[in-house]
Structures are given as structure tokens and as C-alpha cells.
Peer 1: 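Dropping a structure here in C-alpha cells format, bear with me for questions.
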Amino acid sequence: MIQIKYKKQLNNFILNVDFSVPEKGISVLFGPSGSGKSSVLNLISGLDENEGDLIESKLILNNRVIDDSDNSICIKPWLRNMAYVFQDHRLFPHINTKENILFGYKRSNSDLSPEDLIEKFKIKDLLDHFPSQLSGGQKQRVAIVRALLSQPELLMLDEPLSALDYQSRQELLPYIECIHKELNIPVIYVSHDIKEVLRLADYIVVMDKGVVIDQGDISDLCITQPLLTQEEGASFILQGIISKIIKEDKLVEVDCGEKILITAENMQLKQKIRILIHAREVSLCLSKPEDSSILNCIPVLIDELQADRNGTLRVMAKMGGQIVVLLISHRSADQLKVKKGKRMYAQFKATAIIK
Amino acid sequence: MIQIKYKKQLNNFILNVDFSVPEKGISVLFGPSGSGKSSVLNLISGLDENEGDLIESKLILNNRVIDDSDNSICIKPWLRNMAYVFQDHRLFPHINTKENILFGYKRSNSDLSPEDLIEKFKIKDLLDHFPSQLSGGQKQRVAIVRALLSQPELLMLDEPLSALDYQSRQELLPYIECIHKELNIPVIYVSHDIKEVLRLADYIVVMDKGVVIDQGDISDLCITQPLLTQEEGASFILQGIISKIIKEDKLVEVDCGEKILITAENMQLKQKIRILIHAREVSLCLSKPEDSSILNCIPVLIDELQADRNGTLRVMAKMGGQIVVLLISHRSADQLKVKKGKRMYAQFKATAIIK
Amino acid sequence: MIELAPILVTLKLASFTTFILLIIGTPLAWWLSNTGSKLKVAIESVVALPLVLPPTVLGFYLLLALSPDGFIGTVWSYISDTPLSFSFTGLVIGSVIYSMPFVVQPLQASFEMVGKPLQKAAYTLGATPYDTFKNIVLPLSARGFLVAITLGFAHTVGEFGVVLMVGGNIPEVTQVLSIVIYDHVEVLEYAQAHYYSIGLLVFSFVVLYITYSLNRKLMVRI
Amino acid sequence: MIELAPILVTLKLASFTTFILLIIGTPLAWWLSNTGSKLKVAIESVVALPLVLPPTVLGFYLLLALSPDGFIGTVWSYISDTPLSFSFTGLVIGSVIYSMPFVVQPLQASFEMVGKPLQKAAYTLGATPYDTFKNIVLPLSARGFLVAITLGFAHTVGEFGVVLMVGGNIPEVTQVLSIVIYDHVEVLEYAQAHYYSIGLLVFSFVVLYITYSLNRKLMVRI
Amino acid sequence: KATEIRIATAANFYPTLKKIKQSYEEITKNKVTIIRGSTGKLYAQIIRGAPYDIFFSADSARVDKLVKQGKALEFVENKKSYIYATGALALWQPGADSSQQLRALLMNGEFNKLAIANPKTAPYGKASIEALKTMELYDEIKDKLVYGENISQTLQFVQSGAAELGFVARPYVNNEIHWEIDSYLHRPIRQKVVLLKQAKQIEVAKEFLQYLQSPAIRKIIISDGYIH
Ligand SMILES: Nc1ncnc2c1ncn2[C@@H]1O[C@H](COP(=O)(O)OP(=O)(O)OP(=O)(O)O)[C@@H](O)[C@H]1O
Ligand SMILES: Nc1ncnc2c1ncn2[C@@H]1O[C@H](COP(=O)(O)OP(=O)(O)OP(=O)(O)O)[C@@H](O)[C@H]1O
Ligand SMILES: [Mg+2]
Ligand SMILES: [Mg+2]
């Protein structure tokens, strides 16, 4: 675990965080604007300035003590070997894209291939351009490549995709997902885009007003954590094994106790897979409708009913050993007489987020 | 109409746009990163620098010729009375938030109330802070208020919400929607967030590689325009009149030929309303299921089947005089024998975007 | 015995010169930092030129120019009856020319470093270029102004080659402190020279110290 | 008759001085622009101080300091046998002290304007402060260096009070162009003075013109 | 009523002139303002109308030139200029034991640097070179020479210890041990004074010049170390 503990006087409140994130995978720092996310990254990377305001600090990465106010340890930022993609890019204006991305690369023993990343991030055409000649999204891509190429022990990304369009995001997200797998670098990712968070996060730390209000695995938090569910509503994660590949329809059958169909490509038979489904996309019915366009309809056992926002009900149901979550209106709940212990059918389309 | 025509040599391609946007409402400029959106705003606001590269220009706003290369007209930027929220904020670093937001206000005959906007954008606590002491999202809010307070004849926003969390966005979106209604200012909005676009746009201009590849009313483009449908899929807009308010369930009944139920608050009876529904949230069935949690199930007449991405079919159906769009898999289409002229039921939940 | 008159003349001269330099130098530096004109480089060079001439020699040429049939003197005679040479006004003109680069160059550099983006933002908010300059560029160039003022003022205080030549070292009119100290050293009155020098150094140190402290506060705020 | 020796001595002196000033001034300016030390303001003030003393007077004090039993001279005698006064080395020391603020101040101002954010970005990419300074701050301060070099160089070329006092006007060793021109004016050989002056001006103009043109290209690229 | 006259003087005569000014101001109530500078600089200024009444030059050449250019007024019987003093040279080192020792130092070349005034601009410098040449020392020691811009700077060179020896104006070291250079070793250093055409106080200035020639003043000049 990476142990992170900081206490510091900020502008209008005290930042007081004490949390750990796994040394593997993507940990997302999530929270409203001004909650202190960037401040935490600044502290971790050792860039914080007003040392006078720092009350307490402790940072341990790979069993190496990096910050420790008790023992007056504070490794210099350039020795921390952490890369940081800033919210405001900070490309060097006097050198072109190529020199920018090679800046960290040249200063590390990085065994990554610049060509490879240049390709993946589609910046080949921009190599000769100076930062002032790049669009917002182009800057953001260049900044990510620059950070990656330094092959850090910890990669921090502060809303790295916020200036990118859907298409570019879709192209980059898989790559960001791979970073920690391929390069084995833990990633701390700051984002306020819930979709991005749900897709990328392995571990989530939720901040508000300078303190950590919640943290845990994505599979736990995605169901009920209010800030995470406010936009897309609750969601849940199913684990399974691919049991069939239906190439012509671009579908795969996943065995998660029950067999479900989801849209997916480039999968292998027997592959383990985790999928995230939004509760609002699941509906409930008493009998298996034979004449619906909805592909999945699986038997579930109603386990619990909880009040959700806007007068809807959050229904937790069991499907084998796994939990299915769905949202229905009070009206439907009444009509269908949904209650604990009842056997019903959960109906949902083939779209799901593959994690 | 605001007539906009520019031709200019950019870095790697020629920007060549010629389009008009309505003098009312929000026109969204949409397109991938690097497609030239910011460049267009720069040209409109008169801030473009490399005049040598400008080949042609024509800009007419409120019957006032602002740019016209044929007649060598090019009004100075400070006389255009257009406000611009830049992608990179550009707050003045030497003055505090308050002085920043009043900068344009003092230089206009604005009859807006600063207090009001300070309240709405939640920046009261930040008034004494200098830009360097603000978080990314805070800067973005301050920049919007600064632009608004100058009460321009045209407001341009370049991804103004990209650094904001969901909650803040939700709070600001209604206000941005109101700008053109309350202040009667046309707004040109650059965004790559399709949700934002669908919600805000009245008119859409789609750009790619420096040219306008599509433009039109949101209700036309949201069905098939590939860039608009790539993320959330196709959607469609229904018009209707509120026929009933069910307060306890936070639902309203809308009469759009058929009666449908949607989640909504603060609506009035007889109010005209436009709602946007995502095609993927609509499913098709042969008979009206009596035992489903899905609230809306309305009879439709299948009109047309089109191939969509990922092997799905886009089905256009008629509901009274309006069009309902839905996405189903080939498999389901086969099972249900969906074909033109068939009467079926469209089923969807009560969630919809109110425009 | 410490005389007050030269101190006053010096302060007056340095203040006037710095003031005039700011008045002339600011727009000039602003123009230089913004223009795309081909003249720019030539004018930049001309501004820096007086520097390379020894002060006394520059003074000599200024003396020629300022005298009633010299270039500047002729122009002046249309404005005023009193001759320029050996007058306080002449002294100010000489100092202004000589100290010009010390003011223009730091200003220009800092104007250029403020950058276009913020100026553009101001334009869209209805600020004219002048307004933008005054309210955005100027305050953001505070550091440059500080350098310009210190270098300009101090250089005028310390300068005496030009002053001696153009002014004629007339007590209470054009005799400045630097000349007095110089004279004391010349006639081997070292004690007096030391007094003045130490006084000048202490005074300058205090003034500079206060200025830089203020500047520091200023910077921290931003 | 135009003599070459003083021109060479002048160029040599100005080059050496500017070079040494850059070597000393750059780290000093860097330190000043970064430190939070209380000494900062005091040191800033001390650097600017030599400016306010008339050059000849400064020269006089330097002469005292450089002579074999003066402060600097004593230290020097441990390093080298040759005395400092009336030597080219002494001249360089004098010029360095006198021209210091013209180099340090513009550098400091431009270092400060480069700003922390980019430096921080470089740190996270593994660049040490020195590395960051060299590869980020330095190139971004090109404008400041240009000002520093022009002011420093030109000022050394034009200076002659200190030079005269410390150098002893020895032909081919410490006799610089400014003194030669001055001497010609002094003995009413105006024609020669004009030749030298015009030559110096034209030469300086050409050099400045080229420098500023290069700078312009540089700026456009960024 | 008190009238002010402005007297421009070459640096070397300044100390003596100050004494003269004192005694003059005591007896006349007129005010004398002394402006000192190098002869060349003062000349250039006078040509361009500097508001001085009287000019004490360090040499005769530049005064003669002024006279020729019609910048001078007559003040004594058909004379437009007047030799107010003839300078003398002295070899000096601070704290020397005797003039013989100084002489020996020079003759044996036992020094690193010998300071003289700039022969090009200062009459004392020119005379120093002449003297060295007459003594046939010049070629030997010319590489050891350092040049003060004027005679007082030369003195400072020696005083500061930067140069061991120096040829200075005798008035400066009149009260200290020095070796007086015989006046036949060089051409006389004749210093002239003129009444300037642009003088504002011609009468008072004439009166001052009259007073300059009085025996009491002559005594002051001579006792200060001038030959004449
Ligand atoms: N340099 C600073 N000095 C004092 N307070 C600061 C400073 N920078 C930021 N703050 C304050 O600290 C709080 C947290 O800022 P921070 O930038 O960490 O927020 P954030 O969570 O990254 O927000 P966003 O998503 O908007 O970027 C804010 O209220 C901000 O005003
Ligand atoms: N100053 C400039 N000079 C030359 N080319 C430029 C300049 N600024 C931008 N470009 C180029 O013009 C193209 C369009 O840039 P623009 O900033 O308009 O894109 P954008 O649509 O706003 O993208 P984003 O969504 O990433 O901000 C890009 O390819 C960019 O490299
Ligand atoms: Mg942030
Ligand atoms: Mg853009």
C-alpha cells in the first residue's frame, strides 16, 4: 500500500487526509471542485510551497519513506521519481513537442519506446509544433506522453482527459488502463468525470472539503457512495468467465452464475472478465417476456429495498453469489409488489462497461 | 442569423468554415480535438494574430458587419462587444476574484447584478482570493462570471465546464441555459461533452479537420449525426404538453400524442416541454407487458430500419406525428420480426432530459 | 562641512530624469514590445547607443547639440528664451538620453514577458489597448518597473561625466553630489569625499532596501 | 591616425567583463530570485550600490582596495605575484563591480517572470534544480540575458571613470577606447574624437542591430 | 552689495585659488564661486558660452586659442592673458626619507610603477616626459609608466601605493619630502588666465585679476610651490 497522510492549512479549510491506496492499479481521487484533490497531488509530488502551513506529513511508497514530518524527512521532488500530469499541462513553451516528451525520458532509465507512445497518442504530426501551436486536447495528450516516458514509480494524472473529445478519450482510456498493467506503475488519477472513474478505477478515494469521506474498492463504492452515484445512479460489478463468443453479432456470453450476453470484441474464450452495469439500465419483471428486444433476462432473488433519490427505490437482488442492483419507481414497486425474498427477472441490454 | 465565414491557413490544414447560427439560443460548436473550434472562436472575437494567413473573412452579427475581408472591415476586438470564456481561463493574476469579475462589468453598461451571479456561481467565498489560490474548477467559474458580467452581444464559451465536477455542472448548466433566455444573448458554446451538448444545444455545428461537416437543429442531428451519436448512441426529441403532475412520485405526465411519464420537478400544467430520450434506453416488445418496472409503454408504428454501429439496428418508429428512435440487436429484430409497418410497443423508463 | 545644495540638486535631477524617462520610456518600450515594424530593431539599437560612448564624450556632443546653434538648442529656442546649456533643464535632457536604455530595456523585456493571452482576455472584456496596458500589463510589469526605476535613478545619481560637461558644475544650479565628491577626491580632500560617499551609500542602501522590501511584499501577494 | 590597440583592449575588457558578469551574475540572480532568505533584500541593495557612486570616486576606492596593501590587493597577493593595480586584471575587477547591477537585475527579473509552475513540472520529470535552471529557466530568460548582455557590455565600453583610475591608462594594456576619445576631446583634437566616436557608434549600432534581429527571430519562434 | 563672480580653474591651481578667494572675499565682500575641471573640458564649455567670468588654465596653449578666437577681454594694458604661475614638478613618494633617496630610486629604476600625468592632456605630464628624456631615463622606464588623467589623479596613484613613485605638481607636496625637478630639465609650465568675453561681472572680475597680481597674492602662489 502507498501510505498517504497530510495535514495542511489551505486557503479556506484544513486539508487533512490519511489514506492508503494499493501499489497496483488505478486509484481515483474523486471529489467536487475545490475539495483539495490537486493539493494532495502537489503534496505527494513534493511540489508544495507553503511549507509553513504544513502541519503533518507522511508518505511511504514501495517501502521507501518519502515524506515524514516526524523525522524531518522530505525527499526532493526530482528524486521522488513520480510523474505528474498537471491540470494545466505545463508544457515547456520554448521547445517543440518532441523535445517536450523526451524531457523526462532522457532523465530516466526508461526502457519505454517513445515511438510506441507517439503512435498510440496520435501526436506524430505534432512533433515539430511548439506548445503555443497546439489545441487544448493536443496539449493534454502531449503532457500525458511526457509524463509516461519518464517511467515513474508513481504516476499522477490530474484530469488528464478533460479537454478531450469522446473519440480521443475512447482511444486513450484503454491505454491508461494498460499503464499499470503493462508498466506495473501505480496510478493516482484525479477526475470528476464519473464515467471515467467507473471505467478506470480499481480503488476510489472520495474527498470533500479537504478530508477523505469514503474510500474502498470500486465494486463496493459504485453501489451506494452518493457522490459516485449522483450522475449515472448506482451501478454494480459482475464477475464471470466468457463462455461463448458470437462474432457475427459482436456479442459474448459471460457466465456469472447465470449466462448473460454483452457487446464486446477481442475477447477470448475462458477469459475472466469484470463488467460494470448501471442500475438504471436494469428493469424488473415478474415473468420472462418472450417478445422483448432486451437480450438479458435473468432470474434474481430480491434481497433488499432501499430508498434512493427522486423517490425511486434501489433494489438489491442476488444472482447466484453476486449482487445485482436496480432502480425502480415506487409506483412500479407497488404494482409489481417487489419485496425481499421474491423471485423475479432482471432485464437489461447487452451494453456494459468492461473493466 | 449570425453569419460566420472564415478561411485561414492553420498549422496542418486550412480552416475553412462558412455557417450561420441563430441569433437566439445556444449554438454548439462540436468536433474532435484539434478540429479548429477554438480557432473559430478566436477569429470571431477578432483575436487572431497571424493576419497574413487569413484568406477570407466575413462576420455579421445583429446586422452589423464585424469582419469582411472584401471590404477590409475588421472591427477591433475591444469594440466587438463579445465575451469569451477561454479554454485556459486567463484570469488576471494580479487582482483578486472580485476585481477580476468586475473587470468587464465596469467597462460596459451592463445592467446585470454581480451579487446575483456571485451567488449563482458560488464564488462568494473566493472574492478575496487571487487566481493562484483557486482550484481548477473555481477558476473556470470565475471566468464565466467575468465574461457574463460584461453583458456582451455574443457570448462564446470554450469548454467552460470541463474542469467541473458533476454537482457543480448540474448547478451551472441550468444557469447557462438561462443566459440566452434571460439575457437574450446568443451563445456559441464549444464542447466535446456529448451529454452537455445534447442538453444545452439548440443548434449544432459539427466540425472536423477545419471544415463544417454538419449543422442543423439539435432535433435533427441527434438522431443520426455520427459524431453526436458515437457516445450515447442516437437520441430523439419529443414535444408535448404537461397534462398531469404527480407530485408524490416526482413525475409528470406529458401528452405527446401518447401520454408518457417522466421524472421532473417544478413544472406547470399545460406547460410546453421538449424532452430528449436516448434511443438505447428504449426497447421494443410485441405486447404491452403488465408486470414490468418500466413505466412507459406506448404503441408505435415501425417506419424504417437502418443499420447502426456494432451490428445493431436503428429503428425509426412513429408515435402520432412524432418520431421515436430505438436501437435493437439484429438478434432481437429477427426474434421479434421487426419490419416496416408493424405495430409494436416502445418501452422506456421515466428518465429523460428536459430541454 | 557638508553642503546641502548639491544633494538637493542631485535628488531633483535624478527624480526629474527618472520621471521623464518613465513618461517617455514606457510608451516607447510598449511600442517596441508590440510592434511588428521593421524600424523596431533599428530603434532598439539607437536607444542602446548612448551607452557605448564615454559619458564625457557624450556630454561633449550633447554640449554641441544643446548650445544655441546646436540641433536641440535651435529647437529649444522656439520654446523658451533661456539657453539649454549650463542649465538644469539641459542637465535633465542629457541625463535622460544617457540613462534611457536602463529604463527602456527592462520595461520592454517585462512587457514582452507579460504575454498576449492576458491582453487578449482584456480586449474581449471591452478594454482598449490603452486600458489593457494600464490595468493589466502595467501592474504585471511591476518587477520590470522596479528594475527600470532603480537602474535609472541610481545611474543618474552616480553619473557625472555628462552632467559635468553639459551642466558646467555651477553650485546650486547644476552642481550635483557626484561632482562634489569627485572634486573632493580630485583636490585630495579625502575626508569630505568619504563623508559624502558614506552618506550617499547609506542613504542609497536604505532607499534600495525599502524599495526591494516593498517589491518583495508585492511579489508574494501575486 | 586611428590606433588599433585601444579598440582591442576595449573589446577585450568588455568581453571579459560581460563574460565574468554572466558567470557570477547568473547564479547570484538565480539565488536572489528563488531564495526566501532575509539576506535577499540586503544583497539586492548591495549589488545596486556601486551605481550611485560617481565612477571616478568608485575608481578611487577601488584603487585603494586593489593596491598591494588594500583589501582586495592583499587577498590577491596570495593568488598571484603580479599586482592588481594598473593591470588588465584590475580593470576587469573594477568593471565587474561597477557593471554588476546591469547584469544581475535584468536576469533576476526575467528569472522571476519565468515562474514556478514550469520549474515544478521539470522537477517531476526528474530534473534537478540545476538541470531545470539550465534547460528551462535559462532558455525562457533569453530576453533577460539579451538585456543583461547589452547593458553590461555597452556600459563597460562606455565607462571610463573607473577604468582610468584603476588602469592607469597604459597603452596596449589598460588604455581603452573611451579614454582615447576623452583625451582627444580634452586636447581639442575634435576631428580624431569624431572619427573614433562615429566608428564606435557605427560598430555598436551594427552589433546591436544584429543582436536584436536575432532576438526577434528567437521570440517569434517561441 | 555683494556680487558673485564665477571662476573656472584647472584642477591643479584649485587649492591655491581657494586661498586667494578667501583673502579676496575678506576684503571686498564680493563672492567668488570656483568651478574646477580639466582645462580641455572647461575650454569646450567656454567656447559654447559657459557662464564663467574668469578662466585659469593649466597651460598657455588653450588660453592663447581662446584669445585668438576672440573669447577673451583685455584686462591689463593691452594684454588679454597673463601668466599667473609657472608650475614646478616634484618626484614624490609618501613617507620618503630624503630627496636624495627619491632621486636614487628613480635613477636606479628601483620601482615597479612611476606615475605621471597624461602627457597628451596635462601640461605636467608633458613636462614629466621631457624631464625624463633629458635625464635619459625615458627609454629605460617607459614601460613602468602609468598615466593619471590629470595631476591630482597622478598624486592619488602614488598616495594609494598603487604606484611607488610619481611626478606630481610641486604645490601638492610642498610640505612633504620630495625631490624637486630642476626647471631646466623641461620646458616651463606656464599657466595663463583670461577674462572671458561672456563674463557677466566684468568690473568685479577685472578687480579680482588686479588683486591677483598684488604682492600678497604672489607670495601665496610662490609659497604654495609655484616657481613664479
Ligand atoms: N496556493 C494556494 N494557497 C491557498 N489555498 C489554495 C491554493 N491553491 C488552492 N487553494 C485552495 O484549496 C482548495 C483546494 O484546491 P485544489 O486545487 O486542491 O482543489 P481541487 O480538488 O483540485 O479542485 P478542482 O477539481 O476544481 O481542480 C480550494 O478551495 C482552493 O481555493
Ligand atoms: N497559433 C497557431 N498556429 C498554427 N496552428 C495552430 C495554432 N493554434 C492551433 N493550431 C492548430 O490548429 C488546429 C486547430 O486548433 P484548435 O485549437 O482550433 O482546435 P480545437 O478544435 O479547439 O481543439 P481542442 O478541442 O483540443 O481544444 C490544431 O491542429 C492546432 O495544432
Ligand atoms: Mg484541481
Ligand atoms: Mg480548443
Side-chain angles (χ1 to χ4, degrees), chain C residues 40-42 44-46 48-58 60-61 101-102 105-106 108-110 112-114 143-144 146-147 150-151 153-155 157-161 177-179 181-182 184-186 190 193 196-197 200-201 203-209 211-213 215-216 219, chain D residues 40-42 44-46 48-58 60-61 101-102 105-106 108-110 112-114 143-144 146-147 150-151 153-155 157-161 177-179 181-182 184-186 190 193 196-197 200-201 203-209 211-213 215-216 219:
Chain C
K40 172 181 162 146
V41 176
E44 283 181 309
S45 312
V46 167
L49 267 192
L51 261 186
V52 300
L53 281 186
T56 321
V57 176
L58 182 71
F60 172 69
Y61 287 114
F102 300 112
Q105 294 216 15
Q108 190 188 337
S110 66
E112 276 167 15
M113 290 183 95
V114 168
R143 193 69 185 75
L146 189 84
V147 173
T150 351
L151 291 185
F153 194 93
H155 192 253
V157 169
E159 216 302 289
F160 86 112
L177 195 53
S178 56
I179 306 187
I181 303 182
Y182 171 73
H184 281 302
V185 172
E186 280 289 297
Y190 296 138
Y196 279 114
S197 299
L200 185 59
L201 285 177
F203 171 76
S204 307
F205 183 83
V206 170
V207 172
L208 288 169
Y209 195 93
T211 320
Y212 288 135
S213 299
N215 172 53
R216 206 182 178 190
M219 303 307 281
Chain D
K40 171 182 162 146
V41 176
E44 283 181 309
S45 312
V46 167
L49 268 191
L51 262 186
V52 300
L53 280 187
T56 324
V57 176
L58 183 69
F60 173 68
Y61 289 118
F102 299 112
Q105 294 216 14
Q108 190 188 339
S110 66
E112 276 167 15
M113 290 181 94
V114 169
R143 194 68 187 77
L146 189 84
V147 173
T150 0
L151 292 186
F153 194 92
H155 193 252
V157 169
E159 216 303 290
F160 86 113
L177 195 53
S178 56
I179 306 185
I181 304 183
Y182 174 75
H184 281 301
V185 172
E186 193 62 26
Y190 295 143
Y196 279 114
S197 299
L200 186 58
L201 286 177
F203 171 76
S204 307
F205 183 83
V206 171
V207 172
L208 288 170
Y209 195 93
T211 321
Y212 288 136
S213 300
N215 173 53
R216 205 180 179 191
M219 303 306 280

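So that the names make sense, note that chain A is the first sequence line, chain B the second, and so on, each numbered from 1.
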Peer 1: Is C:Tyr190 in contact with chain D via its backbone, its side chain, both, or neither, using a 4.5 Å heavy-atom distance?
Peer 2: side chain
Peer 1: Where is the tightest heavy-atom contact between C:Met113 and D:Ser110, given as atom of each residue plus distance?
Peer 2: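 What the structure gives for the nearest pair is CE-O, 3.6 Å.
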Peer 1: What residue in C:Leu151, C:Ile179, C:Val157 has the most heavy-atom pairs under 4.5 Å with chain D?
Peer 2: C:Leu151
Peer 1: So among D:Leu208, D:Val207, D:Val206, D:Thr150, which one has a side chain to side chain contact (heavy atoms under 4.5 Å, CB included) with C:Ser45?
Peer 2: D:Leu208
Peer 1: Considering all heavy atoms of both residues, which atom of D:Ser197 and which atom of C:Tyr61 are nearest to each other, and what is their separation?
Peer 2: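 Scanning both residues, the minimum pair turns out to be OG-OH, 3.1 Å.
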Peer 1: To check you understand the geometry: which heavy-atom pair defines the closest contact between C:Gly158 and D:Pro55, and what is its length?
Peer 2: O-CD, 3.3 Å
Peer 1: Checking heavy atoms, do the side chain of D:Val147, its backbone, both or neither come under 4.5 Å from chain C?
Peer 2: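 Both parts, backbone and side chain.
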Peer 1: For the residue pair C:Phe205 and D:Leu49, what are the closest heavy atoms and their distance?
Peer 2: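 Minimum heavy-atom contact is N-CD2, 3.8 Å.
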Peer 1: Identify the two heavy atoms, one from C:Val41 and one from D:Ser213, that lie closest to each other, and give their separation to 0.1 Å.
Peer 2: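 So the two residues come closest at CG1-OG, 3.6 Å.
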Peer 1: Parallel, tilted or perpendicular, judged at 30° and 60°: which one describes the rings of D:His155 and C:Phe102?
Peer 2: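 Perpendicular.
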Peer 1: Do you know which of C:Pro106, C:Gly144, C:Ala109 has the most heavy-atom pairs under 4.5 Å to chain D?
Peer 2: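 Of the options given, most contacts go to C:Ala109.
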